[in-house]
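Heads up: the structure comes next, in structure tokens.
Just follow the structure's listing: the first ligand is 1, and inside any ligand the first atom is 1.
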Amino acid sequence: MINQSKKLQANSDISTQHIQFHNPSGNYEVLVGEGLLDRLGILLAGGGWTGSAVLVADETVARLYTSTVLRALEASGIEVTLVTLPAGEIHKNLDTVRWLYDRFQDAGLDRSSTVVVLGGGVVGDTTGFAAATYMRGISLVQVPTTLLAMVDSSIGGKVGVDLPRGKNLVGAFKQPALVVADIATLRSLPEADFAAGMAEVVKHGIIDDPDLFVHLETSGWEPLSWVLPRAIDVKRRVVEADPFEKGHRAVLNLGHTFGHALETLSNYQMRHGFAISIGLVLATHLSAKLGLCEPQLSVRLAALLDRLGLPIRYSGHSPEQVWAAMASDKKRQGNKLRFVLPQAIGNVIIHCEVQRDVVLEVLAEIRE
Ligand SMILES: NC(=O)c1ccc[n+]([C@@H]2O[C@H](COP(=O)([O-])OP(=O)(O)OC[C@H]3O[C@@H](n4cnc5c(N)ncnc54)[C@H](O)[C@@H]3O)[C@@H](O)[C@H]2O)c1
Ligand SMILES: [Zn+2]
């Protein structure tokens, strides 16, 4: 278990940025810096590590980074059992969770144990859900290695898995004890996966950080040591205002009502970030059609996403099929679909009263 109250500052160097998350069920730190995997043992030992632990990673990430992590942990006297999963959204399901419970039992985990999860949002969400529910919840340390996981999925406490009929339909709130984002791991990330993470960075700019959005437009995504903490801080502000998604937090779903439908229709073959990129364009286009924002906004957004290597149109399915897939999404409220719509960069609203015909029109216009 990691003692969340212990200060970690002493154990990380000056260039590491510390972002404090305050939550009713516990506060935690998100560390962002270079070379943090090598210091993971020191960071965890500094947090008051006790008990047994497992390290979970998907096979791709395990090949790249578990030897570094295991060495770092062992050097600090922390012994963990390594568990590897196949990579891919298709494995973000209850079968994998059940399999993880067995591995947790094999490793002798009890309520004082810790699960360290190393990797992207898929392994983070799945393992996070297993940690949230095993013995009614054991300590979780998130070590994100994709851009998307660093700026979005590893922070904020939502964990869960997909059902065949929809994304993230089973889940829990589980705050991590600590999040350690080593920017150096992004160097091995395939270009397309890096671009996918940028979709959530752009989303955070639209929600609450016009300077971040303009920086991406004018200077691109560098330096990451500036862009990442800015994007993380948008999420921090939103989840601190509404930790259990009673209202305002839904703004983080910008682009997701459309995006989840596209992801489900692709049988989870489309990258989450790619689906969100198209979803952001659709949401902005819908907003313009409803007269809630300038038509120019969707042109400006599409230009930025395109420059970042992201898709801005969907293909393959008919607008009616996308509509039907949206109707089974959990962001529905009763019979109404809930859309998050931009009014300007840095200003979004939640809107439920959208006619089916208008949505179909927008879908037809953004289809390849
Ligand atoms: N919980 C939340 O709040 C939240 C928020 C946003 C997204 N999500 C979820 O996150 C998931 C998407 O996460 P993702 O985009 O990280 O996908 P992912 O976990 O599938 O990772 C993408 C690919 O990159 C590989 N990879 C990971 N790190 C690497 C590295 N450093 N170098 C080389 N390869 C590496 C993985 O093996 C995988 O093949 C979706 O399931 C989405 O629903 C959750
Ligand atoms: Zn997302």
Side-chain angles (χ1 to χ4, degrees), residues 37 56-66 68-69 84-93 96 117-129 132 140 142-162 166-176 179 181-204 207 231-232 235 238-239 243 245 249-260 262-264 266 268-280 283 310 329-331 340:
L37 289 193
V56 184
D58 72 33
E59 283 155 6
T60 309
V61 173
R63 265 195 304 277
L64 289 164
Y65 296 113
T66 48
T68 306
V69 170
T84 56
L85 302 171
E89 181 82 28
I90 202 86
H91 301 289
K92 186 176 144 176
N93 59 37
T96 306
V117 60
L118 175 73
V122 167
V123 74
D125 279 8
T126 314
T127 308
F129 182 68
L140 173 71
Q142 292 261 15
V143 187
T145 63
T146 64
L147 179 60
L148 183 141
M150 290 180 188
V151 299
D152 202 351
S153 63
S154 72
I155 55 179
K158 280 214 251 175
V159 293
V161 294
D162 305 329
K167 283 273 301 174
N168 300 333
L169 289 176
V170 177
F173 286 99
K174 171 71 182 167
Q175 303 306 326
V179 181
D182 184 345
I183 296 179
T185 60
L186 297 178
R187 293 195 190 107
S188 59
L189 194 64
E191 229 172 85
D193 289 300
F194 186 83
M198 271 297 150
E200 307 274 17
V201 175
V202 171
K203 179 193 82 175
H204 288 182
I207 293 171
I232 291 169
K235 181 137 183 189
V238 174
V239 300
E245 199 167 323
R249 183 172 174 154
V251 298
L252 291 170
N253 291 324
L254 174 64
H256 283 60
T257 306
F258 289 111
H260 280 169
L262 296 173
E263 228 184 324
T264 307
S266 79
Y268 302 122
Q269 296 302 305
M270 182 186 276
R271 282 178 177 81
H272 176 74
F274 281 21
I276 296 320
S277 175
I278 303 165
L280 291 174
L310 286 159
D329 193 86
K330 72 177 182 324
K331 277 174 290 302
V340 184

4.0 Å protein heavy-atom contact status of atom 6 (C) of ligand 1, strictly under: yes
Nearest heavy-atom neighbours spanning A192 and R271: CB-CZ, 3.6 Å
Sub-4.0 Å heavy-atom approach of K235 to ligand 1: yes
Within-shell test, E59 vs ligand 1, heavy atom, strictly < 4.0 Å: no
Nearest neighbour in protein (non-hydrogen) for [atom]:
| atom | result |
| --- | --- |
| atom 35 (C) of ligand 1 | L189 CD1, 3.6 Å |
| atom 40 (C) of ligand 1 | E89 OE1, 3.2 Å |
| atom 12 (C) of ligand 1 | L148 CD2, 3.7 Å |
| atom 30 (C) of ligand 1 | S188 OG, 3.5 Å |
| atom 1 (N) of ligand 1 | K158 O, 2.8 Å |
| atom 14 (P) of ligand 1 | G121 N, 3.5 Å |
| atom 36 (C) of ligand 1 | D58 OD2, 3.3 Å |
| atom 21 (O) of ligand 1 | T146 CG2, 3.6 Å |

Donor-acceptor under 3.5 Å (D162 side chain, N168 main chain):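 A pair under 3.5 Å: yes.
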Contacting atoms of ligand 1, where contact means under 4.0 angstrom from a heavy atom of L64: 32 (N), 33 (C)
Enumerated ligand 1 atoms positioned under 4.0 Å from heavy atoms of P190: 33 (C), 34 (N)
Worked check of salt bridge (Lys or Arg N to Asp or Glu O under 4.0 Å) between K235 and E200: CA-CA 10 Å; K235 181 137 183 189; E200 307 274 17; over 6 Å; no
E200 near the Zn ion (ligand 2): N/O/S under 2.8 Å: yes
